[in-house]
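First up is the structure itself, then whatever we jot down about it.
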Amino acid sequence: MSSTINTMATLLQSAISSRSSIIGRATHAAIIKNIDYPYPTFLSNHLVNMYSKLDLTQQAQLILSHIPPLNRSVVTWTSLISGSVQNGHFVSAISHFSNMLKDNVLPNDFTFPCVFKACNSLRCVVTGRQLHGLAVKLGLIRDVYVGCSAFDMYAKMGLRDEANSMFEEMPEKNLATWNAWISNAVIEGKCGKAVGGFVELMRMGGELSQITFCVVFNACADGLDLKLGRQVHGFVVRYGYGCNVSVANGIIDFYGKCRDVNSARLVFDEICDRNDVSWCSMVAAYEQNDEGEKACVLFLDAMRSSIEPKDFIISSVLSACAGIAGLEMGRLVHALAVKACVDGNVFVGSALVDMYAKCGNIEDCERMFDEMPERNLITWNALLGGYAHLGQADMALSLFEEMKSGKLQVVPNYVTFVSVLAACSRAGAVKVGMSIFDSMRSRYGIEPGHEHYACVVDMLGRAGMVERAYEFIKRMPSPPTVSMWGALLGACKVHGHNNLGKIAADKLFQMDPQDSGNHVILSNMFAAAGRWEEANVVRMDMKDVGIKKGAGCSWISVKNSVHTFQAKDTSHERNSDIQAMLAKLKSQMKAAGYIANTRLALFDLEEEERESEVWHHSEKIALAFGLCVIPPGVPIRITKNLRICLDCHSAIKFISGITGREIIVRDNNRFHRFKDFDCSCKDYW
DNA sequence: CTAGGGTTAG
């Protein structure tokens with residue numbers, strides 16, 4: 001009999017380790033059949049533990065309630081509580097704890113770590129302190145496990161003083177204590193302190209664990225310390241943790257964040273037992289390094305490898321789709337999310353809102369937003385960013401007003417201000433924008449970062465206040481970035497401030513010598529002003545340094561294939577249809593009052609040639625093709641690798657009006673949505 | 001028979 005009982009206990013344990021509710025229930029059935037009721041208490045405890053760990057709480061509670069009150073022990077209750085915590089039911093865990101006290105059972109050194117963890121997950125400071133008091137009263141706080149979890153709780157709640165005194169007063173520290181200490185130093189943003197703790201730990205010469213390495217790679221990733229991380233990686237290999245999947249996942253994340261995506265991939269390829277976290281980390285690493293296509297390809301590999309499309313990997317790949325404006329892929333992932341029932345997850349939903357916004361699809365973006373069961377600041381920021389991105393400044397600003405009013409239960413953060421300033425910039429709302437910028441520090445205590453400064457430069461520049469923008473750059477507390485000088489150069493080009501443009505361009509040439517775009521802008525700027533000599537000098541410089549201007553091209557996706565066009569392209573198999581469409585459009589457009597805008601076209605051509613030059617830009621050819629093959633009522637989406645030109649911008653307004661079609665062009669800067677002789681961004685700019 | 005510290009995302 002006792003051997004049967006032991007066998008059952010072992011089976012229940014293996015049900016937990018294999019997370020198999022089938023084994024668990026089958027064993028329960030076997031117990032009912034083979035063992036006399038009432039069962040020995042320790043077997044009932046095993047049952048409670050099994051059901052609780054496998055997240056079958058109701059059964060666990062049922063078993064517990066059938067144990068005679070005198071036999072219900074702290075072990076029974078702790079089994080129930082620990083399962084609730086491990087499955088993320090923190091409120092239930094606390095209520096089980098209070099039921100335990102009502103049952104006249106006192107917690108032990110196993111119970112406290114569970115409930116401290118529940119408190120810190122719930123950010124329940126008051127309950128946490130009460131529990132701490134109880135642990136002191138019961139004399140359990142000196143236990144190394146209890147002390148460690150109490151320290152961790154205070155640290156994660158941000159109660160630094162309490163955490164520190166907990167740590168100092170601990171009579172005993174073990175590896176877990178140090179792991180918790182390092183991990184909390186990372187959370188505090190003190191990566192140097194975290195790494196110092198690790199070095200100290202190594203010097204003490206004790207054992208390290210996989211968790212130690214996980215937290216240390218976190219520290220290296222957070223501190224962007226590629227050199228140190230590489231050293232620790234070497235140490236990991238020597239220490240024999242190289243094939244531990246959790247450690248490897250941490251290493252992938254670390255290399256990804258430190259922008260060494262190739263090393264991340266090497267580690268990924270070496271893992272023999274990849275799990276969903278490995279795939280997700282690698283997808284995220286590609287995404288964070290602007291390799292959106294590789295991220296998508298890897299995601300599809302993951303799906304083929306039978307990785308479940310869970311919330312984490314779905315939201316990672318969605319941001320990759322957003323980054324490359326891959327609407328088709330984004331829709332496919334959306335469908336997978338619905339099928340896997342994760343589209344209601346707040347991370348996934350926010351990523352979907354963001355993806356649709358960045359793909360220029362504001363209706364789906366808003367619809368997704370409206371349908372979300374739960375929203376948080378990130379969700380609101382995604383929608384706000386969408387409005388800013390698509391030039392709907394009025395919507396962006398009114399949303400921001402709502403956020404400020406507190407009605408939405410969210411407080412604007414760093415990202416919120418980037419979007420709202422971008423929206424002001426596009427709307428030309430300099431006054432509003434500047435007062436929002438000032439309110440960041442004064443009212444919200446957020447120190448403006450380089451993105452905010454860049455928005456202000458852009459805002460002033462667009463509004464024609466280029467001198468003021470230049471003054472603003474000069475007075476900034478931190479060194480100007482490429483995007484600030486780029487915004488200033490762009491503004492100088494449009495507003496004809498050639499000398500200041502030259503200053504901005506020279507800065508850009510120093511910072512980013514291989515970029516052809518800035519040279520082209522400067523050269524065209526001089527050309528537009530009739531300063532041919534200087535324009536030529538810039539072109540010659542480009543040749544000297546060996547910079548090639550990348551070929552401009554536009555592409556359009558029809559059904560499952562992508563059609564790419566260059567300027568003057570006649571190579572497409574439907575070329576005759578395209579040319580006929582272009583000719584028809586041209587005459588209709590002229591009749592409607594279209595005049596070619598050649599101000600910023602290549603300078604060394606006669607006017608007639610310049611007209612012909614702009615007429616054969618790749619985006620117009622792609623659009624003509626789209627008009628031939630995309631049925632009426634379906635928006636035509638075109639992507640261009642460079643900035644759309646001034647003439648194409650006005651030409652497409654005419655074409656949208658004449659054909660009654662909605663046309664969306666994404667260039668390397670932003671979206672332009674054309675409808676009824678109009679564009680979502682009022683100016684070309 | 002019950003426990004702590006860790007890896008992925010918007």
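All figures in this text were calculated on a predicted structure; none of them were measured in a lab. Letters A, B, ... are given to chains in the order of the sequence lines, protein chains preceding strands, and every chain is numbered from 1.
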Next on the checklist: Whole angstroms only, please: what is the CD-C1' distance between A/Gln210 and B/dG6?
Outcome noted: 7 Å
Checklist entry - Which part of the nucleic acid, if any, lies within reach of A/Ser183 when heavy atoms closer than 4.0 Å are counted: base, sugar-phosphate only, or nothing? => result sugar-phosphate
Checklist entry - Nearest-Å distance, CD1 (A/Ile211) to P (B/dT8)? => result 13 Å
Next on the checklist: If you take the centroid of each ring, where Trp contributes its six-membered ring, are A/His28 and A/Tyr51 closer together than 6.0 Å?
Outcome noted: yes
Checklist entry - Looking across every strand, which nucleic acid part, if any, lies under 4.0 Å from A/Lys173 by heavy atom: base, sugar-phosphate, or nothing? => result nothing
Checklist outcome for this item: Quick note, A/Ser79 side chain, CB onward, closest among B/dT2, B/dG4, B/dA9 is B/dT2
Checklist entry - Centres of the A/Phe167 and A/Trp178 rings: under 6.0 Å? => result yes
Checklist outcome for this item: Closest to the side chain of A/Asn218, out of B/dT7, B/dT2, B/dG10, is B/dT7
Next on the checklist: Any base atoms under 4.0 Å from A/Val146, or only sugar-phosphate, or nothing? Heavy atoms, all strands.
Outcome noted: nothing
Checklist entry - So does A/Arg259 pair up with A/Asp290, basic N to acidic O under 4.0 Å? => result yes
Checklist entry - Could you state the NZ-P distance from A/Lys53 to B/dA3, rounded to the nearest angstrom? => result 4 Å
Next on the checklist: Distance check needed: B/dG4 P versus A/Lys156 NZ, whole Å only.
Outcome noted: 12 Å
Item to check | Rounded distance in Å - CZ (A/Phe90) to C1' (B/dG4) | outcome: 14 Å
Checklist entry - Separation of A/Leu208 atom CG from B/dG5 atom C1', in whole Å? => result 13 Å
Checklist entry - Within less than 4.0 Å of OP1 or OP2 of B/dT7, is there a side-chain N or O belonging to A/Lys257? => result no
Checklist entry - Under 6.0 Å between the ring centres of A/Phe417 and A/Phe400? => result yes
Item to check | From B/dG10, B/dG5, B/dA3, nucleotide with atom closest to A/Asp354 side chain | outcome: B/dG10
Checklist entry - Base, sugar-phosphate, or nothing for A/Asn174, non-hydrogen atoms under 4.0 angstrom? => result base
Checklist entry - Where the side chain of A/Leu175 is defined as all heavy atoms beyond and including C-beta, which of B/dA9, B/dG10, B/dG5 is the nearest nucleotide? => result B/dG5
